[in-house]
Amino acid sequence: MQPLPLPKSILLRKPWEYRAVYGNGRRIRGNHLTIIYAPNGTDQNRLGISIHGIKKAVTRNRIKRIIREFFRSNRSFISPSSDIVFAVRNGFNVDSPLMIKKMIGHMVRSTSTKQSRTESL
RNA sequence: UGGAGUGGGCGGAUGAUCGCUGUCCCAAAGGGAUGGAGGAAAGUCCGGACUCCGCAGGACAGGAUGGUUCGUAACGCGAACCGGAGAAACCCCGGGAAAGUGCCACAGAAAAGAUACCGCCAUGAUCUGUUAUGGUAAGGGUGAAAUGGUAAGGUAAGAGCUUACCGCUUUCAUGGCGACAUGAAAGGCAUGGCAAACCCCAUCCGGAGCAAGACCAAAUAGGGAAACAUUCCACAUCACAGAUGUGGUGAAGGGCGGUCCGUCCAAGUUUUCGGGUAGGUUGCAAGAGGUGUUGGGCGACCGACAUCCCAGAUAAAUGAUCAUCCCCCUGCAAAGGGGACAGAAUCCGGCUUAUAGCCCGCUCCAGUCC
RNA sequence: GUCCCCAUCGUCUAGCCAGGUCCAGGACACCGGCCUUUCACGCCGGCAACACGAGUUCAAAUCUCGUUGGGGACG
């Protein structure tokens, strides 16, 4: 394994940063999960996580850690460098990084094919 | 052996790689060392520490607690004991209803110092079916609850009317720090229930809470002050609306307009001051601390000595993968699946609630054998 | 994080403080009937709820404790 650090400088932390992504971003919808991303002009992706409606602190922390772990190992899964927000809603029951990797891979692939189709048309 | 009750403990382990984070060291990027969730971190139900505000002293109001004695910084917590209830252990309950007010639906005669529905008894009347008056509260009936209980005597029938025992009340004696227990005497029954109804008694409590509080401090708007500017200011004169003269200062912004003039609009510009927002620093972790030995105490707990430092994040760190082992389930095996409840946010002592599985101790009941 | 409040038919609510006549009342909605040529209006009837679990009490929507859910204040 090569080192894949995840410092705090590439995490979204302030409310206005999240608002900017929500305002200008494109959305990919999944099962109780929406990925919103907007190009940020830097040379790397930045990560934000928003969890709604999950009351147990244990599950909330678990989801946050899994998403961070996925992002750490797949830093550039969206091609132009963007600010990416994972918006999780109640009912999200993914419990391992492998599951989320499959899920997000599926989501990204379907949207990219759709985009390429629309572009070809 | 089976069942029941109750108390305590554990809450998967080790290693590797990649990440996050606190502290320390080398220090220019960066590197190294070391630490990194719980018994409930939860609910926020109590009690404190800490911080700010308030405060002569006292009383009232309001709130909380409620057998006794200890323990504790304190508590609504804990320990031991007392009483009640109860096959047993255990669990549970705990001031006052003979200070006052209030309530006790329906049913019932009557729901608290008032009385008699069915009854029982006596006397009178009588058409022999009953009826009037009086006595009585043993029995029946109502109800969640009915005016001491049982037995004997007694009586017209009955009744603490009398007696014995039990209960109750009062007084005394003995034991105990005390709650209370035991014994004796007297009274002759007075005292229904509800205080998680108002209330009375005793004790305790000032209010807010780390988003407390302290410090540093952008941008924008607004506030105070000063300077400058505005057909302005100061002084003098006049016929006092205003004009003139002298001196000072300065001719700045926007709209109409080709430009000047003109006209309309706005009140500004600069400096500085303090409050203070975003943001940052601090409070912020050595403590009513843990562990071991030992002394005191029935125990909760307290003392002495030694030793250890054991999370401090801030859109908020403790994670992922792999390997080996442990426990449980399925399976002949190989193998597969699973390992609860749950995540620190100023810190402690409790309570309550959630919790797969496992381990240990004590008590009671039943059965079998000796 | 700290501190508060609330929960009753499908909806809005009364009753709770002072427990009993409450298997819980009213309005709108819904269903059925009457009226009308029909609809509406009106009249009559029906359906339907005390968040959950313990406790106190003879008796709990009401009093006490806990749980769950919902909402609010503090930067």
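Chain identifiers are assigned alphabetically (A, B, ...) following the order of the sequence lines, protein sequences preceding nucleic acid strands; residue numbering begins at 1 within each chain.
For the OP1/OP2 pair of B/C18 and a distance below 4.0 Å, the side-chain nitrogens and oxygens of A/R72 include no atom meeting the criterion. At B/A342, none of the side-chain N or O atoms of A/R60 fall inside 4.0 Å of OP1 or OP2 (strictly under the cut-off). Contact check, A/K64 against B/C20: no side-chain N or O comes under 4.0 Å of OP1 or OP2. At B/A342, one or more side-chain N or O atoms of A/K56 fall inside 4.0 Å of OP1 or OP2 (strictly under the cut-off).
Distance alone, capped at 3.5 Å, places no donor-acceptor pair between the A/T34 side chain and the A/G30 backbone.
At the heavy-atom level, A/L12 lies under 4.0 Å from the strands shown only through sugar-phosphate atoms. In this structure, A/K101 reaches neither bases nor backbone, as no heavy-atom distance under 4.0 Å exists between it and the strands shown.
Within the structure, no pair that satisfies the ring-ring contact (aromatic ring centres under 6.0 Å, His included) test touches residues 81-110 of chain A, not counting sequence neighbours.
Residues meeting the salt bridge (charged side-chain N to carboxylate O under 4.0 Å, His left out) test with A/R62, sequence neighbours left out: A/D95. For A/R60, there are no side chain to side chain donor-acceptor pair (under 3.5 Å) partners two or more places apart in sequence or in a different chain. In this view, A/N61 and A/K64, A/R65 satisfy the side-chain contact (heavy atoms from CB on, under 4.5 Å) rule, not counting sequence neighbours.
Shown here, B/A208 is classed anti by the O4'-C1'-N9-C4 or O4'-C1'-N1-C2 angle, which is more than 90° from 0. Taking the syn range as angles within 90° of 0, the glycosidic angle of B/G160 is syn. For B/G222, the glycosidic angle deviates from 0 by more than 90°, giving an anti base. A syn orientation is assigned to B/C310, its glycosidic angle lying within 90° of 0. Under the 90° criterion around 0 for the glycosidic angle, B/G176 counts as anti.
In this structure, CZ of A/F71 is placed 15 Å from C1' of B/C20, rounded to the nearest angstrom. Residue A/E69 contributes atom CD, which lies 14 Å from atom P of B/A317 at whole-angstrom precision. Distance A/K55 NZ to B/A354 P: 19 Å, rounded to the nearest Å. We find that CG of A/L47 is positioned 13 Å from P of B/A317, with the value rounded to whole Å. The distance between atom CZ of A/R65 and atom P of B/A37, rounded to the nearest whole Å, is 11 Å. The distance between atom CZ of A/R46 and atom P of B/A315, rounded to the nearest whole Å, is 15 Å. Look at CG on A/L98: it is 14 Å from C1' on B/G319, rounded to the nearest Å. Residue A/I67 contributes atom CD1, which lies 17 Å from atom C1' of B/G19 at whole-angstrom precision.
The pairing partner recorded for B/U203 is B/A64, the criterion being a Watson-Crick or G-U wobble arrangement whose two distances lie under 3.5 angstrom. B/U282: Watson-Crick or G-U partner is B/G213, with both key distances under 3.5 Å. The partner of B/A236 is B/U244, by the rule that a Watson-Crick or G-U pair needs both atom distances under 3.5 Å. Partner assigned to B/G54 is none, using Watson-Crick or G-U wobble distances below 3.5 angstrom. Under the Watson-Crick or G-U wobble criterion, with both distances below 3.5 Å, B/U17 is paired with B/A320. Across all strands shown, B/A266 remains unpaired; no Watson-Crick or G-U wobble contact has both distances below 3.5 Å. Base pairing annotation: B/U277 forms no Watson-Crick or G-U wobble pair, as no partner gives both donor-acceptor distances under 3.5 Å. B/C92: Watson-Crick or G-U partner is B/G84, with both key distances under 3.5 Å.
One P atom belongs to B/C104, the other to B/A110, and the distance between them is 15 Å to the nearest Å. One C1' atom belongs to B/G54, the other to C/G1, and the distance between them is 26 Å to the nearest Å. When the C1' atom is compared between B/C81 and B/G35, the two are found 49 Å apart, to the nearest whole Å. One P atom belongs to B/U51, the other to B/G275, and the distance between them is 25 Å to the nearest Å. Going from the P atom of B/G290 to that of B/C348 covers 11 Å, rounded to whole Å. Spacing of C1' atoms, B/A109 relative to B/A146, comes out at 11 Å, to the nearest Å. B/C50 and B/G30 have their P atoms separated by 44 Å, given to the nearest Å. B/G207 sits 22 Å from B/A211 when the P atoms are compared, rounded to a whole Å.
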Between the protein and nucleotides 21-23 of chain B, list the N/O to N/O atom pairs that are separated by less than 3.5 angstrom.
none

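Within the 4.5 Å cutoff, the side chain of A/K102 has no heavy atoms near those of the A/M99 side chain. Residues A/I35 and A/M107 meet the side-chain proximity criterion, which asks for heavy atoms closer than 4.5 Å.
A distance of 9.5 Å separates CD1 in A/I54 from CZ in A/R89, rounded to the nearest 0.5 Å.
In terms of heavy-atom proximity, A/R68 sits nearest to A/I49 at CG-CD1, 4.2 Å.
Comparing A/L11 and A/R62 along RNA chain B, the residue whose closest nucleotide (by nearest heavy atom) sits nearer the 5' end is A/L11. Heavy-atom distances to RNA chain B give each of A/R68 and A/V58 a nearest nucleotide, and the one nearer the 5′ end belongs to A/R68.
Under a 4.5 Å side-chain heavy-atom criterion applied to ILVMFWY residues, the cluster that includes A/I36 comprises A/L12, A/Y18, A/V21, A/Y22, A/V85 as well.
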